[in-house]
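Heads up, the thing below is written out as structure tokens.
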Amino acid sequence: MGIKVVKFGGSSLADAEHFRRVAAIVKADPDRRFVVPSAPGKRFSEDTKVTDMLYRCYEMVRNREDITEYFKKIAKRYNDIIKDLGLNFDISGELDYVRDAILHHSGRDFAASRGEYLNSLILAKYLGFDFIDAESVIFFRENGTFDEEKTNEEMATELKAHKYAVIPGFYGVMPNGTIKTFSRGGSDITGSIVARAANAELYENWTDVSGFLMTDPRIVKDPKPINTLTYSELRELSYMGATVLHEEAIFPVRYAGIPINIRNTNAPEDAGTMIVSSTNEYDKERIITGVAGKKGFSVITIEKDMMNAEIGFCRKVLEVLEENNISFEHMPSGVDTMSLVLATSTIEDRRERLVNSINRAVRPDNISIEDGLALLAVVGRGMVKAKGTAARVFDAISNAGINIRMIDQGSSELNIIVGVEETDLNHALAAIYNEFVK
Ligand code: ASP
């Protein structure tokens with residue numbers, strides 16, 4: 001059988017009890033050859049992730065505060081795991097080295113990365129696997145961007161030399177030898193990179209939920225899980241705030257055609273969500289795959305008589321956005337109006353400048369900016385084939401007494417985007433979910 005790369009999130013490795021579960025999962029399948037751990041996460045809701053403790057140490061050193069006592073708490077997290085597992089492993093030398101390096105201003109990313117580094121040493125020892133340091137196989141370029149080709153080549157070569165190995169998530173190395181991390185939650189990216197380099201048949205991403213749910217459980221009680229999700233659907237849903245997987249984690253495996261399986265360390269019997277490149281199958285009972293929403297959008301509306309006859313109108317407006325380094329989300333238009341939907345945060349400090357520049361560029365009759373818009377994405381590969389989906393979405397919203405402020409459907413018919421008042425978002429989301437899931 002093929003190789004499986006397994007990544008475990010911080011809550012899956014927060015204490016010895018979780019290490020045991022992780023080992024049972026890894027050992028249950030000999031194809032699970034390469035393991036990518038995060039740093040120990042929260043053991044209970046008020047707990048602090050080790051990564052956050054390391055960032056704090058870095059800040060303390062900058063502020064010339066003494067880290068001795070605080071660092072002992074970090075050391076205790078690792079020592080407790082080792083002791084509770086009954087491992088014969090002395091990590092004190094490594095811990096001293098990390099503390100001293102942080103004291104000697106080794107850098108913010110270095111400090112943060114040690115959470116994964118130390119956890120991986122322990123896990124490798126516990127599993128009896130080899131340890132491959134990410135700094136020898138994950139490379140960034142001079143400008144700080146990830147060097148996928150060099151990484152893929154060197155990582156593939158290195159992996160061939162090991163039957164079973166643990167590779168820490170979250171970080172790699174700069175050309176000058178300093179450590180650099182991905183953005184927060186970046187161990188997901190490392191897992192994906194390892195899966196590509198190993199030419200794995202599957203990338204298993206183990207976390208503390210049984211995959212993606214059809215909608216936000218804080219809004220709808222016990223939403224149904226999503227069994228199969230395509231990469232494109234995932235992009236749409238995560239863009240709208242469905243956060244189970246780091247956004248950038250899909251690219252390495254997506255292009256290599258490797259599926260991702262989101263699984264639950266605390267419920268390994270659950271099948272979780274399978275993320276695949278494409279599938280014609282969809283749930284005919286439900287039609288939609290998921291519905292997600294996000295607040296914090298604004299609409300710029302530009303009106304001008306005979307706009308439709310004016311060649312280059314849109315371009316001039318969009319150029320203004322480009323000059324201001326602003327990206328927009330949607331552009332619903334009428335004959336004499338053009339609207340731009342964008343994240344309020346991107347225009348916050350430059351509203352006036354923007355309005356003045358657009359005025360200068362196209363001399364409109366009127367221009368206005370309205371805030372307080374929420375966007376809702378109804379996503380589903382099944383919508384192309386099922387007639388009447390849009391009608392059902394709009395009916396559900398209107399039957400709930402909610403006013404629709406904007407509609408946009410991508411031409412791939414993968415999603416329908418609806419804009420509503422922020423205060424109506426939760427209500428609209430629930431109405432759509434209940435329409436499709438009986
Ligand atoms: N430990 C890092 C973080 O907390 C990376 C990760 O867990 O994926 O962001």
Side-chain angles (χ1 to χ4, degrees), residues 5-15 18-19 21-22 34-59 70-71 73-75 77-78 81 94-95 98 102 106-124 131-135 137-138 140 144 146 151 166-173 179-196 203-209 211 234 238 241-253 260-266 275:
V5 170
V6 286
K7 180 259 167 180
F8 291 93
S11 55
S12 300
L13 289 162
D15 53 23
H18 279 90
F19 266 68
R21 283 183 210 170
V22 163
F34 300 120
V35 182
V36 177
S38 285
K42 293 183 181 194
R43 293 159 295 183
F44 41 89
S45 59
E46 306 79 45
D47 201 11
T48 311
K49 286 175 155 199
V50 166
T51 309
D52 290 313
M53 297 173 90
L54 289 161
Y55 279 126
R56 168 108 193 264
C57 276
Y58 168 81
E59 292 302 334
Y70 193 72
F71 194 84
K73 292 191 193 173
I74 297 177
R77 295 255 351 224
Y78 290 108
I81 292 172
E94 292 281 354
L95 285 166
V98 170
I102 296 175
S106 54
R108 188 170 186 269
D109 282 13
F110 172 83
S113 74
R114 295 305 92 181
E116 270 70 11
Y117 171 80
L118 295 164
N119 221 23
S120 299
L121 289 178
I122 301 173
L123 187 62
F131 171 79
I132 302 175
D133 195 344
E135 74 170 287
V137 280
I138 295 206
F140 291 92
F146 170 57
T151 298
V166 174
I167 306 108
F170 195 35
Y171 70 93
V173 72
I179 296 290
K180 179 172 167 57
T181 64
F182 292 109
S183 55
R184 291 303 303 268
S187 299
D188 283 344
I189 308 177
T190 308
S192 182
I193 293 166
V194 175
R196 177 185 170 203
Y203 170 26
E204 289 180 343
N205 190 295
W206 292 81
T207 173
D208 53 7
V209 290
L234 170 64
S238 29
T243 51
V244 176
L245 192 69
H246 193 295
E247 248 199 336
E248 291 161 47
I250 67 171
F251 298 108
V253 282
I260 307 176
N261 191 188
I262 308 288
R263 300 284 295 267
N264 189 348
T265 304
N266 305 319
I275 307 166

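In listed order, ligands and their atoms are each counted from 1.
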Under 3.5 Å between some N or O of ligand 1 and some N or O of [X]?
| X | answer |
| --- | --- |
| Gly185 | yes |
| Lys7 | no |
| Asp188 | no |

Going by the atom numbers of ligand 1, which of them fall below 4.0 Å from some non-hydrogen atom of [X]?
| X | result |
| --- | --- |
| Ser38 | 6 (C), 7 (O), 8 (O) |
| Arg184 | 3 (C), 4 (O), 9 (O) |
| Glu116 | 1 (N), 2 (C), 5 (C), 6 (C), 7 (O) |
| Lys49 | 4 (O) |

Looking at [Y], is its backbone amide N or carbonyl O close enough to the side chain of [X] to form a donor-acceptor pair, meaning the two atoms are under 3.5 Å apart?
| X | Y | result |
| --- | --- | --- |
| Asn119 | Ser38 | yes |
| Asp47 | Arg43 | yes |
| Tyr58 | Ser106 | no |
| Asp188 | His246 | yes |
| Arg77 | Asp15 | no |

> If you measure only the distance, is there a donor-acceptor pair under 3.5 Å linking the side chains of Glu135 and Tyr117?
Replying inline: no

>> Is it true that Asp133 and Tyr171 share a donor-acceptor pair across their side chains at a distance under 3.5 Å?
In response: yes

> So which protein heavy atom does atom 6 (C) of ligand 1 come closest to, and at what separation?
Replying inline: Ser187 OG, 3.3 Å

>> Under 4.0 Å, counting heavy atoms only: does Gly169 come that close to any atom of ligand 1?
In response: no

